[in-house]
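Contents: one structure, followed by commentary.
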2 protein chains.
Amino acid sequence: MDSTVRPYSQVYDTLRKVGLRPTRQRLGLARLLFENGDRHVTAEQLHAEAAAANLRVSLATIYNTLNQFTGVGLMREVVVEPGRSYFDTNTTDHHHFFHEDTAQLQDIPGDAISVGKVPEPPAGTRVERVDIIVRIRG
Amino acid sequence: MDSTVRPYSQVYDTLRKVGLRPTRQRLGLARLLFENGDRHVTAEQLHAEAAAANLRVSLATIYNTLNQFTGVGLMREVVVEPGRSYFDTNTTDHHHFFHEDTAQLQDIPGDAISVGKVPEPPAGTRVERVDIIVRIRG
DNA sequence: TCAACAGATTAGAATCATTTTAAAGAAGAA
DNA sequence: TTCTTCTTTAAAATGATTCTAATCTGTTGA
Ligand SMILES: [Mn+2]
Ligand SMILES: [Mn+2]
Ligand SMILES: [Zn+2]
Ligand SMILES: [Zn+2]
């Protein structure tokens, strides 16, 4: 497939690069996710969006895909509410505002916030990641 | 009831103060929770602990009680994993280590960590709370 | 002291997000 | 093509949490 002219070329190459077969479903979801700026979506949201874009994908595949994209580092998971997972297309070092009213996540650029003093992790452990959630209300 | 001699007097008074009837279940759970230092428990954990202490309480009551204690400010909820809620007896300003291996929470004293720069919340919103989770692995 | 009421507990059903199953379909290699 | 491997899917299963509605218990004021 020539990747210089077709509309799916970008995401096609991305999928090849991470070793995931560029199926119709993955290509469609990747376009929705990666060709619209930084996004924070739940599985249900993405499922609805896919339907609106005439992309037929089962909810099981939405979950599979989000977990696979996260697994290969194309996305990350953000936990802010019990019982619901958000998936984030922004994999750079950054943190989040969480609008408690609307249940929306919003990026805080990595340099707009900083952990002044990072405490020593307990002996025998290493820091995997630091998550800062600033919970806000309208 | 004289609150100076009986073993339940502390938690008895606490419950009265927040306007919750001191029932056998609430008294027993309050002792487990508040007479053993700062604690981070899931509903299932507390349920097992109650059983081990010969306190017969249904899981529904465990959930009711944890939510009520949280509602009146005796505890707070910490979200670190999708699909599971932790309840924290430490209501002072502090943050957490989360051991990804063991799924255990550990307090970081409020003064052992600090948010260097808190970003301006979006116009029309106010900061409700800032949560920092330092994810660690053995 | 105790009846009466409000509030609390509970077993079991319901809910909701997510995962699993296993069967049918599609992609890649040759 | 043809074969193999991976993928998708509907449907069932899972697991945490909440709800329901019946029973029970704490409180209060006669
Ligand atoms: Mn996951
Ligand atoms: Mn809750
Ligand atoms: Zn983000
Ligand atoms: Zn804590």
Side-chain angles (χ1 to χ4, degrees), chain A residues 1-3 6 8 11-30 40-48 50-51 54-72 75 77-87 103 105, chain B residues 1-3 6 8-9 11-30 32 40-48 50-51 54-72 74-75 77-87 103:
Chain A
M1 181 177 283
D2 177 47
S3 62
R6 293 165 204 265
Y8 286 92
V11 291
Y12 188 97
D13 292 346
T14 301
L15 291 178
R16 295 300 295 269
K17 204 163 299 170
V18 299
L20 291 171
R21 281 192 187 169
T23 63
R24 179 177 59 75
Q25 291 86 341
R26 284 184 186 141
L27 287 167
L29 294 176
H40 305 88
V41 300
T42 64
E44 280 293 356
Q45 278 168 18
L46 184 57
H47 192 221
N54 275 328
L55 174 67
R56 276 174 15 279
V57 201
S58 72
L59 191 51
T61 295
I62 299 275
Y63 277 105
N64 287 341
T65 303
L66 287 173
N67 284 324
Q68 288 155 351
F69 285 5
T70 300
V72 300
M75 303 186 76
E77 198 173 354
V78 185
V79 183
V80 277
E81 281 192 313
R84 182 176 317 184
S85 271
Y86 288 79
F87 292 87
L105 276 174
Chain B
M1 183 174 286
D2 177 46
S3 63
R6 294 163 203 267
Y8 285 92
S9 61
V11 292
Y12 189 96
D13 292 346
T14 301
L15 292 179
R16 296 299 296 271
K17 206 162 295 169
V18 299
L20 291 172
R21 282 194 187 169
T23 63
R24 178 177 58 76
Q25 291 86 343
R26 284 185 187 139
L27 286 167
L29 294 176
L32 288 176
H40 305 87
V41 300
T42 63
E44 280 294 355
Q45 279 168 18
L46 184 58
H47 192 221
N54 277 327
L55 175 67
R56 275 173 19 276
V57 200
S58 72
L59 190 53
T61 295
I62 299 275
Y63 276 106
N64 288 341
T65 302
L66 287 172
N67 283 324
Q68 287 154 352
F69 285 3
T70 301
V72 299
L74 291 177
M75 303 186 75
E77 197 173 354
V78 185
V79 184
V80 278
E81 281 191 315
R84 181 177 319 185
S85 270
Y86 287 79
F87 292 86

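Lettering of chains follows the sequences in order, A, B, ..., and the numbering in each one begins at 1.
- In this structure the side chain of Phe69(B) never reaches within 4.5 angstrom of the side chain of Val18(B), judged on heavy atoms.
- The C1' atoms of five pairs define one axis at each end of the helix from dT1(C)-dA30(D) to dA30(C)-dT1(D), and these two axes lie 30° apart (to 10°).
- Taking atom CZ of residue Phe87(A) and atom P of nucleotide dA17(C), one finds them 14 Å apart after rounding to whole Å.
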Checklist outcome for this item: Expected string for nucleotides 3-15 of chain D under the B/S/- scheme (protein heavy atoms, under 4.0 Å, primed atoms plus P, OP1, OP2 as sugar-phosphate) is --BBSSBS-----
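- Each side chain to side chain donor-acceptor pair (under 3.5 Å) pair with one or both residues in residues 15-25 of chain B, not counting sequence neighbours, appears once here: Tyr12(B)-Arg16(B).
- Every side chain to side chain donor-acceptor pair (under 3.5 Å) that Thr61(B) has, sequence neighbours left out, goes to Ser58(B).
- Mapping Tyr86(B) and Pro22(B) onto DNA chain D by nearest heavy atom places Tyr86(B) at the nucleotide closer to the 5' end.
- The phosphate of dT18(D) (OP1 or OP2) has a side-chain N or O of Asn67(B) nearer than 4.0 angstrom.
- Listed by chain and residue number, His96(A) satisfy the ring pair (Phe, Tyr, Trp, His ring centres under 6.0 Å) test with His40(A) (two or more places apart in sequence, or in another chain).
- With sequence neighbours left out, Gln45(A) forms a side-chain contact (heavy atoms from CB on, under 4.5 Å) with Val41(A), Thr42(A).
- For Ala103(A), the side-chain contact (heavy atoms from CB on, under 4.5 Å) test picks out Glu81(A), Tyr86(A), Phe98(A), with sequence neighbours left out.
- Residues Thr70(B) and Glu77(B) have side chains that never bring a donor and an acceptor to within less than 3.5 angstrom of each other.
- Every residue two or more places apart in sequence or in another chain that forms a side-chain contact (heavy atoms from CB on, under 4.5 Å) with Ala50(A) is listed here: Leu29(A), Leu32(A), Leu55(A), Val57(A).
- Taking side-chain N and O atoms only, Tyr63(A) has a distance below 4.0 Å to OP1 or OP2 of dT18(C).
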